[in-house]
Every structure is written in C-alpha cells, then in structure tokens.
Amino acid sequence: MSISLTVNGRKRMVTAEVDKPLLWVLREDLDMPGTKFGCGAGLCGACTVHLDGEAVRSCQTPIGDAAGKAITTIEGVASNAIGKRVTAAWAALDVPQCGYCQAGQIMSATALLKQNPKPTADDIDGWMSGNICRCATYLRIRAAIRQAAGLGPEIADSSVSDGEQVA
C-alpha cells in the first residue's frame, strides 16, 4: 500500500503494509538510520520519535497510524528552537558515551521541554524514566536537560553517582 508521510517537514511516499512499524519504515524505506532499534517492545526508548509533537515509540507505532501526521526524527529535531537547545546542551556537556540511546534520549528530552519548559529534577527523572541508557549517563542527561531549559546544568542529587540510574 502506498502511504504518504511528512517526515521532518518533507512529504515522503512509501510502499508498506499499514502494520509495519514506523521504525522500520524510517530505517529501511526512507534510509534514516538515526532512529535506533533497541528492544522492539517500546520499553527502552531508543526508537523515540515525535508524532504530531508527541514522543512515541516508533517500534510500536504502525505506519498506518503515522499517515497524515507530522513525524520528527533525530535528523530533524534541531530544526526547532527546543531541539536545537537540547542537542547543543548534549554536545556541551558531553552526554553520550556509546551514543546508541542518545537519539531517543534527545527526542524524549525535547518533548519534555515542549510540555514543561522549566522541569524540576523529579519532573525530568519521571519523564525520562522510560529511556534506558546502558552506559548510565543519567546525571549528564539530567544536567543537559536543565541546561537546555535555562536552569543551569547543576545536578540536583549529588549523592547519586554517574553509574546509577536516577529514574
């Protein structure tokens, strides 16, 4: 079936079954490898994209549900002011280690700041708890979100080491 999508502001046509996950359409059909496959069950957050501005797990989103909606991927997130601030903070604070989960982390962080421009540490931890980082850079992730929100990169709970998950 031919499906029309708007990805990062650009109209795209794909031929796929309506139940094919958006993740695989992006990666295989549209050659956009930035969105990562992690668990395939929507639990790790590596595949997070925005669908009409909402963070969704693309591995669990059928392409038929994305038709007619605006899809933003990691390749296009910096085209808006919030995404630009988040990606700049990620780079400034050297957040990634292996980097595999970072696309999903950035997409979730951008969605958080769109909904809550001045989140507390608890707000950040709660929102980001669905995104897993195997390298455990959770404190740097929180600091980057705070910096992108204009709150400064302070880490609210210094009793937690960088190797512990704060969520």
Next item on the list: Please tell me if the side chains of P119 and L113 come closer than 4.5 Å, counting only heavy atoms from C-beta onward.
Entry: yes

Note to self: Quick check: closest heavy atoms across C44 and G38, and the distance to 0.1 Å?
What the structure shows: SG-CA, 3.6 Å

Note to self: Starting from I82, can I reach I145 by hopping between I/L/V/M/F/W/Y residues whose side chains sit under 4.5 Å apart?
What the structure shows: yes

Check: Does the side chain of R27 come under 3.5 Å of the side chain of T35 through a donor N or O and an acceptor N or O?
Finding: no

Item checked: Whether D123 side chain and T120 backbone form a donor-acceptor pair below 3.5 Å -> yes

Check: Shortest non-hydrogen contact from G40 to C59?
Finding: C-SG, 3.7 Å

Next item on the list: Evaluate the criterion side-chain contact (heavy atoms from CB on, under 4.5 Å) for residue pair R142 and I124; output intermediate values, then yes/no.
Entry: CA-CA 7 Å; R142 184 196 298 159; I124 293 168; 3.9 Å; yes

Next item on the list: Check A144 against A89 and note the closest heavy-atom contact, atom names and distance.
Entry: O-CB, 3.3 Å

Margin query: Taking the side chain as everything from C-beta on, heavy atoms only, tell me whether Q115 gets closer than 4.5 Å to E54.
Written below: yes

Notebook entry, point to check: Side chains of N116 and W127: closer than 4.5 Å at any heavy-atom pair?
Noted result: no

Check: Looking only at heavy atoms, what is the nearest atom pair of S4 and K11, with distance?
Finding: OG-CD, 4.2 Å

Margin query: Quick check against the 3.5 Å criterion: does N131 have a side-chain atom that pairs as donor or acceptor with the backbone of G45?
Written below: yes

Note to self: Determine whether a donor-acceptor pair (N or O, by modelled atom type, separation under 3.5 Å) exists between the side chain of Y100 and the backbone of K36.
What the structure shows: no

Next item on the list: Indicate the atoms forming the closest heavy-atom contact of S2 with M13, along with that distance.
Entry: OG-CE, 2.9 Å

Check: Less than 4.5 Å apart, any side-chain heavy atom of T137 and any of Q102?
Finding: yes

Next item on the list: Determine whether W24 and L51 fall in the same hydrophobic cluster, where Ile, Leu, Val, Met, Phe, Trp and Tyr are linked whenever their side-chain heavy atoms lie under 4.5 Å apart.
Entry: no

Margin query: Could you see if M32 belongs to whatever hydrophobic cluster contains M107? Use Ile, Leu, Val, Met, Phe, Trp, Tyr and a side-chain cutoff under 4.5 Å.
Written below: no

Checklist line | Set of residues satisfying salt bridge (charged side-chain N to carboxylate O under 4.0 Å, His left out) with respect to K20, sequence neighbours excluded | finding: E28, D29

Next item on the list: Indicate yes or no for a side-chain donor-acceptor contact from R57 to the backbone of A41 under 3.5 Å, with no hydrogens or angles considered.
Entry: no

Check: Is it the case that one hydrophobic cluster holds both M128 and V56, taking links as side-chain heavy atoms less than 4.5 Å apart, direct or via other members?
Finding: no

Notebook entry, point to check: Do you know the tightest heavy-atom contact between I132 and L43?
Noted result: CD1-O, 3.9 Å

Item checked: Among I3, L23, D19, side chain to side chain contact (heavy atoms under 4.5 Å, CB included) partner for I63 -> I3

Notebook entry, point to check: Quick one: NZ on K84 to OG on S79, what's the gap to the nearest 0.5 Å?
Noted result: 8.0 Å

Notebook entry, point to check: Where do W90 and Q105 land on the side-chain contact (heavy atoms from CB on, under 4.5 Å) test, with the steps shown first?
Noted result: CA-CA 10 Å; W90 241 253; Q105 300 278 0; 3.8 Å; yes

Margin query: Would you say that T110 contacts L112 through its side chain, given a criterion of any heavy-atom pair below 4.5 Å between the two side chains?
Written below: no

Notebook entry, point to check: Rounded to the nearest 0.5 Å, how far does CG of N80 lie from OG1 of T72?
Noted result: 7.5 Å

Check: R134 versus Q97: any side-chain heavy-atom pair under 4.5 Å?
Finding: no

Check: Do the non-hydrogen side-chain atoms of N8 and R10 ever get within less than 4.5 Å of each other?
Finding: no

Check: Is there a side chain to side chain donor-acceptor pair (under 3.5 Å) between T6 and R12 once you walk through the steps?
Finding: CA-CA 6 Å; T6 303; R12 306 289 298 265; over 6 Å; no

Notebook entry, point to check: Got L5 and V25 here, is their nearest side-chain heavy-atom distance under 4.5 Å?
Noted result: yes

Margin query: Do V7 and I74 sit in one hydrophobic cluster, given that two such residues count as connected whenever their side-chain heavy atoms are within less than 4.5 Å of each other, even indirectly?
Written below: no

